[in-house]
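Read the structure below first, then the notes.
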Amino acid sequence: KNNLPPSKPLFQPRLFSTGLHGASVFVTGRRQAVLDAAVADMRSCGVSTVAGIQGDVRKPEDVERWVRVATAPASSSALDVLVNCAAGNFLAAADALSANGFRTVLDIDAVGTFSTSRAALPALKRAAERNGSGGGGGGGGASATSSSSSSPVIINISATLHYGATWWQAHACAAKAAVDALTRSLALEWGEFGVRVCGVAPGPIAGTAGLSKLSGSGGKGDGIAEAIAALVPLGRLGSAWDIAMACVWLSSAGSRFTSGDTLVVDGAAWLWRPPAVPRAVVAEVSRKVEAGSRAMTKVGAGAAAASRL
């Protein structure tokens, strides 16, 4: 249930911060113990209305049950925001990766995103009708919604691994590329219902299982995290707060005309490559190159004049 007062402050930069903006939060997952810990953690951060629902995102019947529970009359909730963030990943060379391992990651990330989005669509359509954000079917003529209202949104958590390629991540690259394609396709098809579909692509985020697994550090603090941070142009790892605030913005009225795109939140990490010329000598190298270029131009002009004579 999305009720995001713009003036409400964030007291804890953790977890799903829309809960601190007035949202009722339902967390889903396969392991009940992990769900219970997440719910307790969110409550300790000030999220008063939160519940965990056990199930497997790879099972469509579980996904459909999640939506039924979250939107049941007893919960007094409507579904305004769906965050698809289930992911499976590990380091594996492609030649050593089994078909089953590849398929499992695709099932969790890509098929899970599709199944959950499809199951949630009827509830999201009702939310759009309720707040008057129904689309115009691409034919024009639909009136703009109130500037203070937000339209229902699906937020797909993606990655930047496939923006080019990433070592030992063929499975995850394929899965996240599929997620991004779904974000665009569903935004195109479901805009007429007033449902927005967006993505968030985190970079390296401190304190997460993903960073621990993919860095090979196992969370042992052996300097790998610092080495990764050095490759981020902003000079640090991201935080859960950074990703949460991106989701808050996409859930708010401030993004009501944003759909079909994936917001990269990585401190420009995916753009990084070592500079061909160190900053300290850029000006000196440039002067030498320009001086050489001018000298070549003069020689060329002289040769042309001599040939005419």
Side-chain angles (χ1 to χ4, degrees), residues 28-31 55-63 66 82-121 153-190 196-205 208-218 224 228 231-232 237-238 240 242-243 246-247 250 259-273:
T28 63
R30 187 167 53 88
R31 293 174 289 173
D56 191 335
V57 74
R58 293 170 292 182
K59 298 178 180 179
E61 60 273 20
D62 282 1
V63 170
W66 291 344
L82 169 67
V83 180
N84 287 312
C85 56
N89 202 358
F90 46 86
L91 292 174
D95 57 306
L97 178 63
S98 70
N100 185 60
F102 185 89
R103 185 183 302 109
T104 296
V105 174
L106 267 290
D107 281 346
I108 294 171
D109 292 49
V111 180
T113 292
F114 173 76
S115 298
T116 309
S117 299
R118 186 175 181 275
L121 179 61
V153 62
I154 297 170
I155 302 173
N156 297 325
I157 304 301
S158 184
T160 61
L161 302 169
H162 54 292
Y163 294 6
T166 300
W167 287 99
W168 326 128
Q169 289 285 276
H171 47 305
C173 288
K176 293 306 187 183
V179 169
D180 286 356
L182 274 173
T183 295
R184 294 188 294 269
S185 295
L186 298 184
L188 177 66
E189 293 190 26
W190 293 354
R196 296 182 296 115
V197 186
C198 301
V200 172
I205 305 299
T208 61
L211 183 67
S212 175
K213 286 169 127 181
L214 300 184
S215 67
S217 66
I224 293 180
I228 294 173
L231 304 181
V232 179
L237 297 176
D242 296 319
I243 307 308
C247 292
L250 289 172
S259 190
D261 206 359
T262 295
L263 177 62
V264 178
V265 185
D266 76 337
W270 86 268
L271 299 170
W272 186 89
R273 58 183 54 82

Next item on the list: Step by step, work out the side chain to side chain contact (heavy atoms under 4.5 Å, CB included) result for Val197 and Val153.
Entry: CA-CA 6 Å; Val197 186; Val153 62; over 6 Å; no
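- Minimum interatomic distance between Phe102 and Ala174 (heavy atoms only, all atoms of both residues): CZ-CB, 3.8 Å.
- Between the side chain of Ser98 and the main chain of Gly101, a donor-acceptor pair closer than 3.5 Å is present.
- Note that OH of Tyr163 and SG of Cys173 are 11.0 Å apart. Values are rounded to the nearest 0.5 Å.
- Cys198 has its side chain out of reach of Thr262: every pair of non-hydrogen atoms, C-beta onward, lies at least 4.5 Å apart.
- Annotation: ring-ring contact (aromatic ring centres under 6.0 Å, His included) contacts of Trp66 (sequence neighbours excluded): none.
- Atom CD1 in Ile155 sits 11.0 Å away from atom OG in Ser117 (nearest 0.5 Å).
- In this structure, Asn89 CG and Thr104 OG1 are separated by 12.0 Å, a value rounded to the nearest 0.5 Å.
- Here the straight-line distance linking atom CD1 of Ile228 with atom CD1 of Ile205 works out to 11.5 Å at 0.5 Å rounding.
- The heavy-atom pair separating Pro202 from Ile243 by the smallest distance is CB-CD1, 3.5 Å.
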Notebook entry, point to check: side chain to side chain contact (heavy atoms under 4.5 Å, CB included) between Ser158 and Thr183: does it pass, once the steps are laid out?
Noted result: CA-CA 10 Å; Ser158 184; Thr183 295; over 6 Å; no
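- In this structure, NZ in Lys59 is found 9.5 Å from CZ in Arg30, a value given to the nearest 0.5 Å.
- Between the side chains of Thr113 and Asn156, no donor-acceptor pair is found at a separation under 3.5 Å.
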Next item on the list: Mind running side chain to side chain contact (heavy atoms under 4.5 Å, CB included) on Leu211 and Leu237 for me, showing each step along the way?
Entry: CA-CA 10 Å; Leu211 183 67; Leu237 297 176; 3.7 Å; yes
Next item on the list: For Ser259 and Trp190, run side chain to side chain contact (heavy atoms under 4.5 Å, CB included): C-alpha distance rounded to whole Å, both residues' side-chain angles, the deciding distance at 0.1 Å, then the answer.
Entry: CA-CA 10 Å; Ser259 190; Trp190 293 354; over 6 Å; no
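- The closest donor-acceptor contact from the side chain of Gln169 to the backbone of Phe90 lies under 3.5 Å.
- Side chain of Lys176 to backbone of Ile157: a donor-acceptor contact under 3.5 angstrom is found.
- Contact record, Ala86 with Val57: CB-CG1, 4.1 Å, taken as the closest heavy-atom pair.
- Residues Gly199 and Leu250 come closest through the heavy atom pair O-CD1, 4.0 Å.
- We find the SG-CG distance between Cys247 and Asp242 to be 11.5 Å, quoted to the nearest 0.5 Å.
- Using a distance-only test at 3.5 Å, with no hydrogens or angles considered, a donor-acceptor pair links the side chain of Asp266 to the main chain of Trp270.
- Across all their heavy atoms, Ala92 and Leu97 have their closest contact at CB-CD1, 4.1 Å.
- Of all non-hydrogen atoms in Ala201 and Ala159, the two that sit nearest each other are CB-O, 3.6 Å.
- Leu186 places none of its side-chain heavy atoms less than 4.5 Å from the side chain of Arg118.
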